[in-house]
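Only one structure is covered here, and it is reproduced in the block below.
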Amino acid sequence: MFISEVNIPVAKEKIDKVGYMDIEVDANLDLFAEIERLKKEKNAIILAHYYQEPDIQDVADYIGDSLGLAQKAEKTEADIIVFAGVHFMAETAKILNPSKKVLLPDLKAGCSLADSAPPELFKKFKAEHPDHIVISYINCSAGIKALSDIICTSSNAEKIVESLPPGQKIIFAPDKNLGAYLVKKTGRDMVLWNGACMVHEIFSLEKISRLKIRHPKAKLIAHPECEEPVLRLADHIGSTTGLLKFTETDVSTEYIVATETGILHQMQKASPHKTFIPAPPNNSCACNDCPHMKLNTLEKLYLCMEYELPEIIMDEELRLAARKPIERMLEISRQYGL
Ligand code: 13P
Ligand code: SF4
């Protein structure tokens, strides 16, 4: 189907099946220029996560980690938020700024970590630990957020845990790797939900160790969603923004990067004279892409702006319940100047 022939009810039906506006785009169209035009015409802002493909990062108005993106989504005065990221991120934008139209280029861009915690099972788990406060990583569904007391991201998790009185019993969900890292960093004994990110749990310790031998001056930098043996080897651990900032200010010129490869685009742009080596996973690939993040493409981004579909629609009661723990996170972050 070509753009002039689009029938919106049919397109919506297709979105239910495939997750995006499945329409052929004219190969001669300058998508960069078209996206700029649509931004102006519709007063739209593009918020992109670092794991998006380079072309999408290059057309974005803001690129950031989960905390930065949530803060930007809360404050924007644009009429349309185009979220180039995964579903839980776009959903968080809608929770925080409900009067805006929030678009996601591919509705099927999910997250293995968010999927590892179905709300019904989590409700039972929570009931088994009645006197515990629930801290949930932002990589979860609105249903899990609504069952949580405070949300955190990889850049504020330590401060959020430490903001609770010593001795307070805590459930941490859904990422067991980030949870174990926080237990080690803060000394707090937390009950961990057994979830993990499919990208960060498959880094090969053996291949990373071999890379370190071949590049003795390279520093290993890692995201806290990685498993403990990789984190133990790391010279620096941080959120995506934290890792990027580290490479900008650190004196080394070579890094092995243990997180999704999309971040290398901004690292290379910020420090063109430095070398960034993606940490290899334990399969036949040389780098590690998130299949959910990479469902978004420049074509899908253009189509979703043109037709203002797919849109994030939320139940109002769920939205309000999920908003409370996010607001608590944003308030604590403000107190720490994050
Ligand atoms: P941050 O960008 O907040 O560090 O999160 C990484 C991630 O896995 C997002 O899906
Ligand atoms: Fe989820 Fe991992 Fe992909 Fe991030 S990188 S969206 S945590 S599966």
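Bear in mind the structure is a predicted one, so any value in this text is a computation, not a measurement. Counting convention: from 1, in listed order, for ligands and their atoms alike.
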Looking only at protein heavy atoms, which one is nearest to atom 8 (O) of ligand 1, and what is the separation?
E225 OE2, 3.0 Å
Taking only Lys NZ, Arg NE, NH1 and NH2, and the carboxylate oxygens of Asp or Glu, determine whether R334 and E331 approach each other closer than 4.0 Å.
yes
With atoms numbered from 1 as shown, which atoms in ligand 1 lie under 4.0 angstrom from a non-hydrogen atom of M89?
9 (C), 10 (O)
Within ligand 1, which atoms have a heavy atom of M293 less than 4.0 Å away?
10 (O)
If you measure from each non-hydrogen atom of T153 to ligand 1, which part falls under 4.0 Å: side chain, backbone, both or neither?
neither
Less than 4.0 Å between a side-chain N and a carboxylate O, is that true for D58 and K269?
yes
Taking K39 first and then D61, would you say they form a salt bridge - that is, a charged N and a carboxylate O separated by under 4.0 Å?
yes
Checking side-chain hydrogen bond (donor to acceptor under 3.5 Å, both in side chains) for the pair T259/H200: CA distance, chi angles, key distance, verdict?
CA-CA 6 Å; T259 190; H200 290 88; 2.7 Å; yes
If you measure every N/O of S154 against every N/O of ligand 1, is any gap under 3.5 Å?
yes
Within the 4.0 Å heavy-atom shell around H223, which atoms of ligand 1 are there?
1 (P), 4 (O), 5 (O), 6 (C)
shortest atom 10 (O) of ligand 1-to-protein heavy-atom contact is with N139 ND2, 3.4 Å
Do NZ/NE/NH1/NH2 and the carboxylate oxygens of E34 and R37 come within less than 4.0 Å?
yes
Flag the pair K126 and D149 as a salt bridge only when some basic side-chain nitrogen lies within less than 4.0 angstrom of an acidic carboxylate oxygen.
no
Within less than 4.0 angstrom of ligand 1, does Y51 place any heavy atom?
yes
For atom 2 (Fe) of ligand 2, every protein N/O/S atom that sits closer than 2.8 Å, waters excluded:
C197 SG
Do the charged groups of E260 and K294 touch, with an N to O distance under 4.0 Å?
yes
Thinking salt bridges, do K42 and E308 make one under a 4.0 Å N-O criterion?
yes
Those atoms of ligand 1 less than 4.0 Å from some heavy atom in S239
4 (O)
Is any side-chain N of the basic residue among D250 and K219 closer than 4.0 Å to the acidic one's carboxylate O?
yes
Salt bridge check: are R319 and E316 linked by an N-O gap of less than 4.0 Å?
yes
Salt bridge check: are E120 and K124 linked by an N-O gap of less than 4.0 Å?
no
Without swapping roles, check the side chain of D26 against the backbone of N28 for a donor-acceptor pair under 3.5 Å.
yes
Counting only nitrogen or oxygen atoms and a 3.5 angstrom limit, does S66 reach ligand 1?
yes
Which atoms of ligand 2 sit under 4.0 Å from any heavy atom of Y51?
5 (S)
Do ligand 1 and D65 have nitrogen or oxygen atoms that lie under 3.5 Å from each other?
no
